[in-house]
Amino acid sequence: MSVVGTLIYQYLPLVVAFFILQKIVAVFKRRWELQWTFKKFPGPRPHFLWGNMKELTGDYAGLVRMADLAHLYSGAYPAWTGPADAQLVAVKSETARVVLAGADPKDEFSYALMRPWIGDGLLLSSGKKWDRTRRLLTPAFHVDILKNYVSTFGTCSRVLVEKWRKSTKAEEIFHHISLLTLDSMMQCLFGFHSNCQNEKTRHPYIQGVYEVSDLIVKRIFNPLHHFNFIYFYLSSNGRKFQSACDAIHQHSERIIRERRQLMSTEKPGDRNIDFLDILLTAKDSDGVGLTDKEIRDEVDTFMFEGHDSTASTISWCLYNLAKYPDVQKKCRAEILEHIGKGKEITWSDLNKIRYTTMAINESMRLYPAVPLLSRCLARDATLPDGRTVPKGVRVAHIPVCGTSGSGVWDNPHFALTPVKVVICEVLQELSPDLEPGKEAQPESMLILRSKNGVYLNIKPL
């Protein structure tokens with residue numbers, strides 16, 4: 001045996017033992033830091049290895065337990081997802097508002113699982129990078145640009161209404177709403193007409209989003225899959241995740257490539273400026289713009305945040321309007337009074353429907369075990385249960401799990417406008433009713449979904 005071989009044979013076990021010990025020390029250090037951080041927050045006792053994962057599952061029973069624990073521990077408690085991973089579950093909107101309004105570092109564990117998908121865009125970035133990107137994208141949140149989107153939201157919504165008008169059986173609405181929000185987001189943000197609402201097969205982007213969302217949640221609840229090497233090289237789920245991410249990235253890169261080609265041939269003023277134009281032309285004070293990778297990250301981030309969370313909000317709102325027909329009738333009466341039937345909805349129309357706006361917010365509050373995403377300022381209005389919300393009180397809008405205060409949809413108008421347009425278009429023409437025997441079973445994925453789908457009977461008025 002050579003001298004090198006002898007040395008490797010003698011010292012390799014020591015090197016391996018050193019790295020293992022280093023990992024063990026890092027786990028205990030992280031665990032101690034989290035215990036210190038959460039020392040003032042009582043919560044359910046965690047198992048040393050798998051924490052609270054057996055109790056706080058993502059299914060409906062797990063959501064009910066989360067809500068029960070919220071009442072037991074005053075609305076906020078730590079939930080452990082492994083020996084050295086924990087998160088603060090903040091259920092009450094007033095508690096979540098305080099947590100999300102802070103400038104604390106983002107939870108790298110949860111966000112790291114999403115980074116191969118949506119990169120280091122506004123949702124996942126922090127510090128100077130987040131500040132720079134947010135400044136560059138500030139024009140994209142201007143209300144004048146948002147006003148231009150209302151017509152597109154309405155046009156895409158009417159495609160859905162016409163599909164549902166012909167319905168003769170209970171429809172699983174979440175899939176239809178996902179296609180609608182994908183269609184409207186691609187048109188509004190990127191000027192891309194996909195026609196995906198009329199396609200017979202599932203759009204590859206929608207399929208990719210479904211797959212990565214499901215796989216991320218499964219990974220969270222498998223401590224062994226928290227290690228990248230094990231997940232991506234030794235597990236079938238890791239390979240499926242990477243394949244789905246590749247498909248999503250190819251779709252985004254195609255949109256960006258086609259826009260660059262369009263911008264090189266068109267004349268200024270030929271069309272309204274949209275989000276992708278701002279991404280491609282924004283420059284900081286040094287004249288430096290976003291890289292191709294940064295542009296793709298923002299495209300993927302906004303497509304996820306803009307279509308998936310919005311689809312969840314709309315679907316649960318329609319489900320709750322079907323569940324509470326008296327509220328549905330009041331919303332429809334207000335919509336017909338201030339907008340009318342068959343009239344194209346305008347920006348000013350949306351500002352008139354105060355009761356419907358509050359019903360949208362309240363419909364999401366019926367599922368309290370989901371943290372806050374964005375906030376909207378409520379005016380004097382009466383909620384569906386008769387409570388009066390005084391002017392200046394903030395009401396929670398809750399479409400996404402596990403986000404942060406410096407997220408994407410920090411403009412309440414940007415978050416709620418497509419929701420209000422779709423609800424108005426649907427209630428003008430259709431009446432959603434519950435399908436007997438198919439009550440939705442909420443489950444906590446990256447967004448709030450239903451394990452058995454969201455089925456409604458859609459009847460023309």
Side-chain angles (χ1 to χ4, degrees), residues 116-125 129 132-156 159 178-199 203-209 212 244-284 286-311 408-409 411 414 417-418:
W117 169 19
I118 61 177
D120 203 28
L122 272 179
L123 179 63
L124 304 191
S125 62
K129 176 175 173 53
R132 175 180 181 267
T133 305
R134 188 62 179 85
R135 285 196 301 272
L136 290 176
L137 297 187
T138 294
F141 296 96
H142 196 279
V143 69
D144 289 338
I145 291 182
L146 181 56
K147 289 179 180 179
N148 294 330
Y149 296 160
V150 173
S151 176
T152 301
F153 293 146
T155 300
C156 295
V159 174
S178 291
L179 292 175
L180 161 64
T181 55
L182 174 65
D183 190 19
S184 60
M185 285 297 107
M186 287 199 292
Q187 289 191 44
C188 290
L189 300 182
F190 313 122
F192 184 87
H193 295 264
S194 67
N195 196 36
C196 62
Q197 291 196 74
N198 293 317
E199 291 179 350
H203 191 280
Y205 182 87
I206 289 282
Q207 181 63 33
V209 170
V212 296
C245 287
D246 291 342
I248 292 172
H249 294 160
Q250 290 171 9
H251 175 76
S252 302
E253 289 167 357
R254 179 164 63 94
I255 290 176
I256 296 169
R257 185 168 57 251
E258 291 177 356
R259 174 56 57 86
R260 287 192 187 279
Q261 294 172 352
L262 175 62
M263 293 176 67
S264 66
T265 58
E266 67 180 351
K267 297 179 181 179
D270 283 352
R271 56 183 176 80
N272 292 325
I273 294 176
D274 60 23
F275 174 73
L276 187 54
D277 291 319
I278 294 172
L279 280 176
L280 292 169
T281 58
K283 297 184 184 299
D284 58 24
D286 296 326
V288 179
L290 298 169
T291 66
D292 289 346
K293 173 63 165 55
E294 289 174 328
I295 293 172
R296 193 192 76 183
D297 290 348
E298 299 303 339
V299 167
D300 290 334
T301 295
F302 272 76
M303 285 304 297
F304 160 61
E305 288 284 279
H307 110 264
D308 215 21
S309 59
T310 306
V408 176
W409 302 110
N411 185 315
F414 209 102
T417 296

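Between Cys245 and Val212, the closest side-chain pair of non-hydrogen atoms falls below 4.5 Å. Residues Gln197 and Cys156 are in side-chain contact: their nearest non-hydrogen atoms beyond the backbone lie under 4.5 Å apart. Using a 4.5 Å heavy-atom threshold, the side chains of Ile255 and Met303 count as separate. Contact annotation: the side chain of Leu276 never approaches that of Leu189 to less than 4.5 Å [non-hydrogen atoms, C-beta and beyond]. Side-chain contact between Asp277 and Arg259 is present, with heavy atoms from C-beta onward closer than 4.5 Å. Residues Gln187 and Thr155 have side chains not in contact (no heavy-atom distance under 4.5 Å, counting atoms from C-beta outward).
Salt-bridge check for Arg260 with Asp292: passed, with a basic side-chain N closer than 4.0 Å to an acidic carboxylate O. In summary, Asp120 and Lys293 do not engage in a salt bridge, as defined by a charged side-chain N under 4.0 Å from a carboxylate O.
Note that the CG atom of Leu290 and the CD1 atom of Ile278 stand 11.5 Å from one another [nearest 0.5 Å]. Note that CE of Met263 and CG of Leu280 are 5.0 Å apart. Values are rounded to the nearest 0.5 Å. Considering CD1 of Ile248 and CZ of Arg296, their distance stands at 10.5 Å, rounded to 0.5 Å. Distance CG/Asp274 to CG/Asn148: 10.0 Å, rounded to 0.5 Å. The distance from atom CE of Met186 to atom OG1 of Thr152, rounded to the nearest 0.5 Å, is 13.0 Å. Leu124 contributes atom CG, which lies 10.0 Å from atom CH2 of Trp117 (distance to the nearest 0.5 angstrom).
Without hydrogens or angle criteria, Asp300 side chain to Asp297 main chain gives no donor-acceptor distance under 3.5 Å. Under a 3.5 Å cut-off, the side chain of Ser184 and the backbone N or O of Phe153 do not form any donor-acceptor pair. Asp286 places no side-chain N or O within donor-acceptor distance of the main-chain N or O of Val288, the cut-off being under 3.5 Å. His249 places no side-chain N or O within donor-acceptor distance of the main-chain N or O of Ala244, the cut-off being under 3.5 Å.
Take Phe275 and apply the ring-ring contact (aromatic ring centres under 6.0 Å, His included) test, not counting sequence neighbours, and it matches Phe302. Arg257 pairs by the side-chain hydrogen bond (donor to acceptor under 3.5 Å, both in side chains) definition with nothing, not counting sequence neighbours. Taking the salt bridge (charged side-chain N to carboxylate O under 4.0 Å, His left out) definition, one finds that Asp183 meets it with nothing, sequence neighbours left out.
Of all heavy-atom pairs spanning Thr310 and Pro418, the tightest one is CG2-CG, 4.0 Å. Residues Gln261 and Ser264 approach most closely at O-OG, 2.6 Å, considering heavy atoms.
A salt bridge (Lys or Arg N to Asp or Glu O under 4.0 Å) with Asp284 holds for exactly one of Arg135, Arg134, Arg132; it is Arg132.
Remark: Ile256 CD1 is packed, more than 12 non-hydrogen atoms of other residues, nucleotides or ligands lying under 6.0 Å away.
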